[in-house]
Amino acid sequence: MDLRAGDSWGMLACLCTVLWHLPAVPALNRTGDPGPGPSIQKTYDLTRYLEHQLRSLAGTYLNYLGPPFNEPDFNPPRLGAETLPRATVNLDVWRSLNDKLRLTQNYEAYSHLLCYLRGLNRQAATAELRRSLAHFCTSLQGLLGSIAGVMAALGYPLPQPLPGTEPTWAPGPAHSDFLQKMDDFWLLKELQTWLWRSAKDFNRLKKKMQTPAAAVTLHLEAHGF
Amino acid sequence: MLFQIQISRMKTSNVIWVGNYSTVVKRDPVLHWSWKSELPLECATHFVRMRSRVDDAKIPEPRFWSNWSSWKEADAQKSLGRDPLFLFPKDKLVEEGSNVTICYISRNQQDNISCYLEGQQIHGEQLDSNVSAFKLNKVSFIRKTGTNIFCKVDQKDVIKGIVLFVSKVLEEPKDFSCETQDFKTLMCTWDPGTDTSLPKRSSQSYTLFESFSGKKILCEHKNSCNWQVDSDSQEMYNFTLMAENALGNRSVSVLFSLTHRVHPKTPYNLFLKNVSGTKATVTWKVHPIGNYSTLLCQLDLLGEGNVIQQHNVSIKENGEYLLSELEPDTEYMARVRCADANHFWKWSGSISQKFVTAEAAPSEALDVWRNVKSVSGHPTVTLFWKPLSKLHANGKILSYNVIVENLDRPSRLEVHSVPATANGTELTLDQYSYQIHVTALNSAGPSPASVIVVSGDPGNEEAEEERINGTEDGFSVSWKPQSRKAIGYVVEWCDHPQDLPCDLQWKNLSSNTTSTVISSGAFRPGVRYNFRIYEISTERMANLLEKKAGYLKELAPSDNPQVVVSNLTSHSFTLSWKDYSTDSQPGFIQGYYVYLRSKAEKECHPGFKKATLSDKSACCQHRIDNPEQKTFVMENLQPESVYEFLVTPYTSAGSGPVDTFTKVTTPDEYSHILIRIILPMIICVLLIMITCYLKSQWMKEKCYPDIPDPYKSNVLSLIKSKENPHLTIMNVSDCVPDAIEVIHKPEGSKIQFLGASKSLTETEFTKPAYLYLLPAEKNYSGPGPCICFENLTYNEAAADSGSCGHFPVTPQAPPSQPGPLTSPENLLKALEKNYMNSLGEIAAGEASVNYVSQLASQMSGDKDGLPTNPPEPVHCSEYKMQMAIPLGLASPPPAENSGLSSTTPLDQSEHYR
C-alpha cells in the first residue's frame, strides 16, 4: 500500500493531537499507586503460561499412566474426583460473580489443586516426572501468590483454611489402582479447566479495571479525528 | 490324614479340580488349606467338598475314604455392591509370561458392554448371562504403572477398570563372588540382572546367608553386600545370596576359603629414585594383609604405551626395584600392581608414575655431506647433515661443532658453532684441502666426529650423464667402481629439483656396493631427477663417478615453446625457439613436431605429412628428431598467403598440446622492391620539406617576396628579350605621381598591354572601362618611362583588368582642374558605373569572398589634398598585402582611411578587384 504524503501529514497531525491531549488523560496521568491493574495483568499472563506448561506436563503424565488415559477422546465419569474443586460453572452465575467471590474461588481452587498435585508428585515413579511435577508445583505456587496479591490490592481478605480440613490425595483402602489413575486424570483435567477459567476471570477483571481509561481514550480518538 | 478335595465351578457337577492334602492331625485341629483359582472367584460361584482317610503307616491296610462332605458354596458375587458393572481381578500382580483370566460381571443383561486392553478392544467368553471372561496368555511387561484394562457400558456413563501389574521375571544373580582386602571385611558383589520392582506393588531385595555361621543379613544395595569377618577362626565360608520379590525368589551360593579371596588394595607411594641415563630405581608401598601374607607385585615399564619390561617382586610392605637398560632422555612410565603371593585371586588396582631418563652424549656420528661450489672465485663448501635420531641423540641437541683443519698448510683450527635448529652450514675456504670434523653436542657431551675432506679445487666435476628409468619403488642406480681404494659411495640428488633450495639428499653406501635403489616420498612423475654418484676415497674425499638423470614417469610436455618468426619472405620464413629448455620438461624431449596449415595449399610440403588434429581438422606435420634443433625454415610457401604453424615438443609419453596456431602472412613478391624505392623517396621528400620549412624565410624572399624586387623580376628579362631591349627599370625617385585620370577607353584602341597583348585585345570589347592612375600634371614631362608592376599574386583575370597601367594622358584634361570628374562625387559616380559594368563579369564562384587590393600612397592619409593638389611628390604606387575579408566585414571603412578607390562604399553583393 502506498503511503501518500497527504496520509503522512494526516497521521502526523493526529499524533501531535494525541500527544497534545495526553496530559489531559487521567488514566495515563497517574503518578502514584498503579492499582491492581498490573497485578491482574501479571496474574492473567501467569495463567496463560501455566496453561502452556500444563499441556506438556499432562501429555507426559498421561503417557505414564498409559491408555486409555492418554487418548484424546477419553472422557471417563468423574467418580472418585468429587473432592476436586469444580471449575465449570453456569455462565450466568459466572457473570454475576463479584470480584471478591471470583478471586476467592480461584484462590481456594488452586490451594486445593496444588495440594493434590504435590501428592501426585510423591507417587510418581520416575525422577524426570517428579522433576516436571515439582517445577509445575512451584509455578502454581507463584500463581497462588499472585492471586493473593491481587486480592490484597483490592482489599479482600484471603480465605482461611479450616483446621483439619487439609485436602489429601492419598488412595483410600478401597481405592483401586485404576480409580487412582482416573483421579489423577481428573486432577490434571480439572487443573486445565481452572486455568482456562482463571484466564477468563482475570481478563474480565482486567477489562473492568481498565474501563475508565478506555472511555477517555475513545473520546480522545473521536476528538482527534 | 489324607484329604481329597474337589472343586466345582458354577455348578457342583462341574468339577474343575481334584487334589490331595496330607497333614498330621493333632488334637483340636483347625486346618488351613488354600487354592488359587485361575478365574477370579468373583466371576463364578465355586463349590468345594472333601473326604478323608487315614494316612498312617502304622495303620494297616485297607484304609477307606470317608464320605464326601457336602458341597460348600463360595459365591463372592453376593458380597458385591449394586454397581452396574464389575471387573476382576482387581490390580493383580503377575510375572511376565503368565496367563491371566479376567472377567466382568454386569448387573443388567440388557447392557452392551465392551472391554479394552491398552486401548484395544478384547473379546471374551461368556460364562453366563452376566459374566464374561477374558483369558490373556503370556502377558508382557508394558510399563511400571501397569497394564490398564477397562470395560464400559455403551450409552451409559459407566466405566470400570483394573490395572494388571506385570512384573519382569526375577533373575538369578550372576557373577556372585566375595573377597577381602584386609581380612576384616568381605565384600560380596553380583550382577542383579533385570530390575523387577514395581512402584507400590513389588520391590526386589537381596539377602546374604552364611551357612557355617548361620548368619543372615539384608543387603542394602542391589548389587553388593558387606560381610563383617568376626575372627580369624573361620576359614571357610558358604554364602547363599537370595533375590526376592513379591512373586518369588532366586538364590545362588558360593563356597570359598577366605585366604583364597584376597584382593589387595592398590599400592601407593610409587617413586622413582636415582634416575640416570640408563637406570632408575622404583619404590612403592602396599597395604599389609594380615601378619604373614606376602604380596606378589608386578612392575611394568612402559615406553610409548607399550610394555617394555615386566618384573615380579615379592614384598611384604615396601617394594623396590632397579630398572636398567633404559634409553637416555626417554620418557617411561612405571606401573605397579600386586596380588596375594600364595593364592592368586585378583590383581589390585594399579599405580603408575612417569619419569624421564637423563641425557647421555650422542651415540653416533652425524651423517654429513657436502656441496662444493665457487662463489666469487672462492670455493664455498655447504655442509649438510641429517639430524640424529632420538635413539642416537640421547638428549636434546644444543648445537653442532664444525672444526675445519687445513691439510696443506699448518694453521690454526677453525671452530664453528652451528645452532641446533640448523642442519647445515656454509664455509668459504681457500684453494687448499681441508678436513672437516662435525659433531653434535647435547648437555652430556659431543657425538663421535664425522670427518669429511674437501678440496678447494673442485676437480673434475664433469661426467657423462646417463638416463635411467624410474619405477614405482624409485630409481635403480648402479655404477662402475673406478678404484679399489674407495671406502664407500654416496648417491646425491635433490628431492625438489625445481625449487631453490632443491632439498639436497644423499645416501651413503658401502664400498662393496655398486647399485642401489633411491626412493623418496617426494618423487613425483614428470620431474627430472639428477643423481650424482661419488666415490669416497680413503682420504675421505668425494670424487664424482657418474651422473644419472631420470623421471619416475615421463609425462607429455604441458607447454609449447615460444616460437619466434624471422626472415619472413614471400616464399619462406624461419621458426626458432632457442629459449626452450629441454632439461626442465616433464620428460626427455625427443624432438619436435612442426604443424603447418594453410587454406591456400591443400597438399603438404616435402618433409611434411598429413595429420589430423583433435578437432578433426587436417594439417601438415613435420617431425624433428633432434631435441637440440630449435630452428626450422618453412620453405616453398606461396606469396600473400596465410599460414598457421605450431611447434610442439614430444617425449616418450606424447607430444605437447596442439591447440594454438600462430598465423603468418607471406608478403607479395614485389613488396620488398617497392619498399626499397618508396621508402627513400619518402625520406627525400621529407628532407626537402624540412629544409623548406627551416629556410622558409629565405625561400619566401627568393620565390614570393612581399615586395618584389624589380631587379630580380623575370618580367624584366622577358621585356628585355622580346620587346624593348632598352627598357630599364625606373627608379622610384623618377616617378612622381601627381594626378589621377580616369579615361574611358575608346573601342578598338590598341593598348600595349604588358605580357598579354593578345588577350587584352580580345577582352577590350567586353571590358570597356578602365581606371588609370596618372601622375600629377605639374611635374609631368610627358609620356615617360614609368613602371607598371604586375601583381603576381593576382590571377590571370587580374592581369586582364590592368590593375596597374600607365598610359599617356593628355594635358588638356588636368586632373587638378574642376570638372565633372575632379570632384569626388563625380568621380565616384563614374566609378560606380564602370564598376557595375565590370562586376557583371565576375564569376559567380568568386562572390563569396571580397578581395580588397589597396593601392595605397602617402596621400591616402590626407583626404583633402588627394584629388586636387598633392603638395609632395609621391611614389608611383605601392602594393600592400592582400587580405581576404569575410563578406560581413566588408563594411565601409572609416572616413579617415578613405582615399582613391578604397573609399567606394561596397554593397555586400559587390566585388572589388
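Throughout, protein chains are lettered first and strands after them, A, B, ... in sequence-line order, and every chain is numbered starting at 1.
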K.L.:
Minimum heavy-atom separation for A:Asp177 to B:Asp91, with atom names?
P.N.:
N-OD2, 2.6 Å

K.L.:
Please name the pair of heavy atoms, one in A:Pro67 and one in B:Gly119, separated by the smallest distance, quoted to 0.1 Å.
P.N.:
CB-N, 4.0 Å

K.L.:
Please determine whether the number of non-hydrogen atoms from other residues, nucleotides or ligands lying under 6.0 Å from atom CD of B:Gln121 exceeds 12.
P.N.:
yes

K.L.:
How about CZ on A:Arg48, more than 12 heavy atoms from neighbouring residues, nucleotides or ligands closer than 6.0 Å, or not?
P.N.:
no

K.L.:
In Å, rounded to the nearest 0.5 Å, how long is the span from CZ of B:Arg143 to OG1 of A:Thr126?
P.N.:
13.0 Å

K.L.:
Kindly determine whether B:Ile159 and A:Phe74 satisfy side-chain contact (heavy atoms from CB on, under 4.5 Å), including the steps that lead there.
P.N.:
CA-CA 11 Å; B:Ile159 183 169; A:Phe74 182 63; 3.7 Å; yes

K.L.:
For B:Lys174, I'd like to know if atom NZ has over 12 heavy atoms of other residues, nucleotides or ligands within 6.0 Å.
P.N.:
yes

K.L.:
Taking side chain as everything from C-beta outward and backbone as N, CA, C, O, which of these in B:Lys160 sits under 4.5 Å from a heavy atom of chain A? Side chain, backbone, both or neither.
P.N.:
backbone

K.L.:
Taking NZ in B:Lys222 as the centre, count heavy atoms belonging to other residues, nucleotides or ligands within less than 6.0 Å. Is the count above 12?
P.N.:
yes

K.L.:
Between atom CE of A:Met182 and atom CG of B:Asn148, what is the distance when rounded to the nearest 0.5 Å?
P.N.:
11.0 Å

K.L.:
Measure B:Ile149 against the heavy atoms of chain A and call it side chain, backbone, both or neither at under 4.5 Å.
P.N.:
backbone

K.L.:
Provide the closest heavy-atom pair for A:Lys181 versus B:Thr145 in the form atom of the first, atom of the second, distance.
P.N.:
NZ-O, 2.7 Å

K.L.:
Just say parallel, tilted or perpendicular for the rings of A:Phe178 and B:Phe150, cut-offs at 30° and 60°.
P.N.:
parallel

